Amino acid sequence: MRAESRRAAMEHRGLGRPRLCWLLALLAALALRPVRASASPSADLSLWPMPVSVQTTPRVLLLSPDSFFFGHSSASKAGPSCTLLQEAFRRYYDYIFGFYKWHHGSADLRVGMELQQLQVSVVLEPECHAFPSISSDESYTLLVKGPVASITANRVWGVLRGLETFSQLIYQDSYGTFTVNESNIVDSPRFPHRGILIDTSRHFLPLKSIFKTLDAMAFNKFNVLHWHIVDDQSFPYQSVTFPGLSKNGSYSSSHVYTPNDVRMVIEYARLRGIRILPEFDTPGHTQSWGKGQKDLLTPCYNRKEPSGTFGPINPAWNTTYSFLSKLFKEISTVFPDEFIHLGGDEVDFDCWESNPEIQDFMRNRGFGKNFKKLESFYMHMVLDMISAMNKRSIVWQEVFDDESQLTPGTVIQVWKWENYNQEQSQVTKAGFPVILSAPWYLDIISYGQDWKHYYEVDPLNFEGSQEQKKLVIGGEACLWGEYVDATNLTPRLWPRASAVGERLWSHQGIQDLGDAYRRLTIHRCRMVRRGIAAEPLFTGYCDHDRLLK
Ligand SMILES: *[C@@H]1O[C@H](CO)[C@@H](O)[C@H](O)[C@H]1NC(C)=O
Ligand SMILES: *[C@@H]1O[C@H](CO)[C@@H](O)[C@H](O)[C@H]1NC(C)=O
Ligand SMILES: *[C@@H]1O[C@H](CO)[C@@H](O)[C@H](O)[C@H]1NC(C)=O
């Protein structure tokens with residue numbers, strides 16, 4: 001998918017010239033050579049992404065795995081019945097102590113002031129049983145002081161982000177004792193939409209891989225999993241209304257997400273404060289749909305005869321819209337998120353053009369030979385359907401580019417590398433919200449530390465008023481699946497996506513590449529220690545490697 005444009009993007013970036021690229025990467029890597037090769041959390045801060053405000057003191061507190069615990073403050077609106085927080089406490093206890101305990105037994109406590117507890121307080125209605133949304137409040141304050149540290153947040157979502165930060169503050173001193181400096185942290189995200197796109201059509205991803213991705217997303221404070229669930233190659237989503245779609249359109253009967261699988265992904269994500277944004281891309285990218293749904297795709301013609309091949313969904317048939325409205329009705333109830341991604345990218349007009357029925361339809365509608373008008377007609381029908389279901393739509397940028405009267409509030413995802421700043425400028429000028437992905441196509445790989453290119457992007461670096469900038473709701477790192485399956489998903493995503501994670505969470509002024517390299521190296525080892533097979537940034541070793549012999 002998007003192969004042509006991606007090739008263009010690679011040429012543009014000079015990635016098509018591997019030797020030069022290799023040299024540059026090597027030079028760049030040497031310039032950032034770390035002083036020490038080992039990477040371990042230490043008394044130096046290694047927070048990722050960087051919080052809005054961090055104050056630390058040289059006073060250290062010691063934690064004992066045997067007596068430290070998480071609890072609810074008596075002032076909190078959430079208590080032990082909030083399973084979302086209880087489960088988070090269990091996870092973070094393990095992230096902090098689990099690995100070491102397993103290898104060391106429990107560490108001996110050095111004498112000193114002990115940190116006995118982290119107490120959590122939720123100020124407003126906690127939302128323990130709610131789904132996170134675009135407007136979820138993820139802000140928190142974290143006060144680390146002996147003997148009781150505290151996280152205060154309006155909602156549970158802020159507590160989750162605060163727990164991650166707290167876990168990143170803790171390190172083992174030279175005696176092996178768990179240690180944390182007294183600190184005071186105030187934090188909230190810069191953008192509300194911070195996503196990772198995975199593609200389960202080109203290759204099926206087992207649930208285990210999706211769960212791992214969600215774990216790693218939480219470590220990097222991402223909050224949207226954009227699930228590009230179906231495409232030309234396969235249709236793994238098992239629909240209750242149209243079971244034929246996956247029966248005929250999946251790679252095999254085991255390459256399918258059942259309704260229960262989907263529920264599990266949504267719940268696993270919810271517990272980590274992550275939204276699941278489903279994408280059902282139409283009218284192009286739908287070859288697999290045709291296998292299980294007759295009379296949906298456009299028959300292509302060779303002169304006067306059907307050629308036996310099919311093109312995009314047929315916008316001229318009424319049955320198309322009754323089918324789509326039933327399917328999207330189901331999707332809108334299965335996925336709780338307020339948004340559905342409708343795709344709309346890369347529609348091939350040749351097949352439409354060859355088809356006499358479509359030619360008639362165009363003539364009757366007065367579209368002339370303008371197939372963009374036909375594309376707009378189709379997208380309008382689907383967008384109206386989604387509005388009628390009280391959901392909001394996200395579409396790829398072509399829908400904006402080719403459409404004159406787009407439904408207000410439709411979110412435009414900017415993905416084309418060419419002039420993406422200009423595109424952001426135009427989209428926001430027309431008043432539409434934007435999600436930026438163009439500079440963050442992680443499926444394009446090259447030698448060396450490409451994370452720096454992702455890191456150096458600023459999503460607001462385009463010409464426009466303050467009002468326009470406010471329409472940028474965030475961004476997504478996209479990992480298209482042509483060359484990605486369960487074997488390489490995790491190392492290809494992490495820590496490269498972490499760069500995008502910090503860019504979308506942290507303050508605009510956090511830009512120091514050297515400091516980012518230092519923190520990210522440690523953060524990558526932290527992810528490895530927590531079971532995420534994140535690839536190395538450069539040479540060296542993780543401190544915990546020594547313990548694995
Ligand atoms: C943490 O405390 C240690 C020991 O006093 C000190 O050397 C270090 O600079 C402190 N770190 C931070 C980030 O304040
Ligand atoms: C699924 O494929 C089989 C075999 O090609 C075909 O007979 C059947 O009609 C298809 N089912 C649907 C719902 O299109
Ligand atoms: C399709 O729907 C339109 C609008 O409701 C109607 O005018 C038209 O007759 C229908 N066409 C067919 C073939 O049913």
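Please read all numbers here as calculations on a predicted model, not as lab measurements. Ligands are counted one by one from 1 in listed order, and the atoms in each one are counted from 1 as well.
- Contact between Thr57 and ligand 1 is present, with at least one heavy atom of the residue lying under 4.0 Å from the ligand.
- Classified by interplanar angle (parallel below 30°, tilted 30° to 60°, perpendicular above 60°), the ring pair Phe97/Phe178 is perpendicular.
- Classification of the Phe335-Trp227 ring pair by plane angle, with boundaries at 30° and 60°, yields perpendicular.
- A ring-centre distance under 6.0 Å is found for Phe323 and Phe242.
- Take Tyr140 and apply the ring-ring contact (aromatic ring centres under 6.0 Å, His included) test, not counting sequence neighbours, and it matches no residue.
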Please tabulate, one line per pair, the protein N or O atoms found under 3.5 Å from any N or O atom of ligand 2, giving the distance to one decimal.
residue, atom, partner, partner atom, Å
ligand 2, 2 (O), Asn248, OD1, 3.4
ligand 2, 2 (O), Asn248, ND2, 2.2
ligand 2, 9 (O), Lys294, NZ, 2.8
ligand 2, 11 (N), Asn248, ND2, 3.0

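- Ring planes of His523 and Trp48: parallel class, angle under 30° (limits at 30 and 60°).
- Contact atoms of ligand 1 toward Asn181: 1 (C), 2 (O), 3 (C), 8 (C), 10 (C), 11 (N), 12 (C), 14 (O) (distance under 4.0 Å to a heavy atom of the residue).
- Between Trp396 and Trp480, the two ring planes are tilted [angle within 30° to 60°].
- For Tyr95 and Phe219, the ring centers sit closer than 6.0 Å to each other.
- Proximity of the aromatic rings of Tyr93 and Phe68 is defined here by a centroid distance below 6.0 angstrom, and this criterion is not met.
- When only interatomic distances are considered, the shortest N/O to N/O separation between Arg59 and ligand 1 does not fall below 3.5 Å.
- Residue contacts with ligand 1: Pro58 is placed with a nitrogen or oxygen under 3.5 Å of a nitrogen or oxygen of the ligand (distance criterion only).
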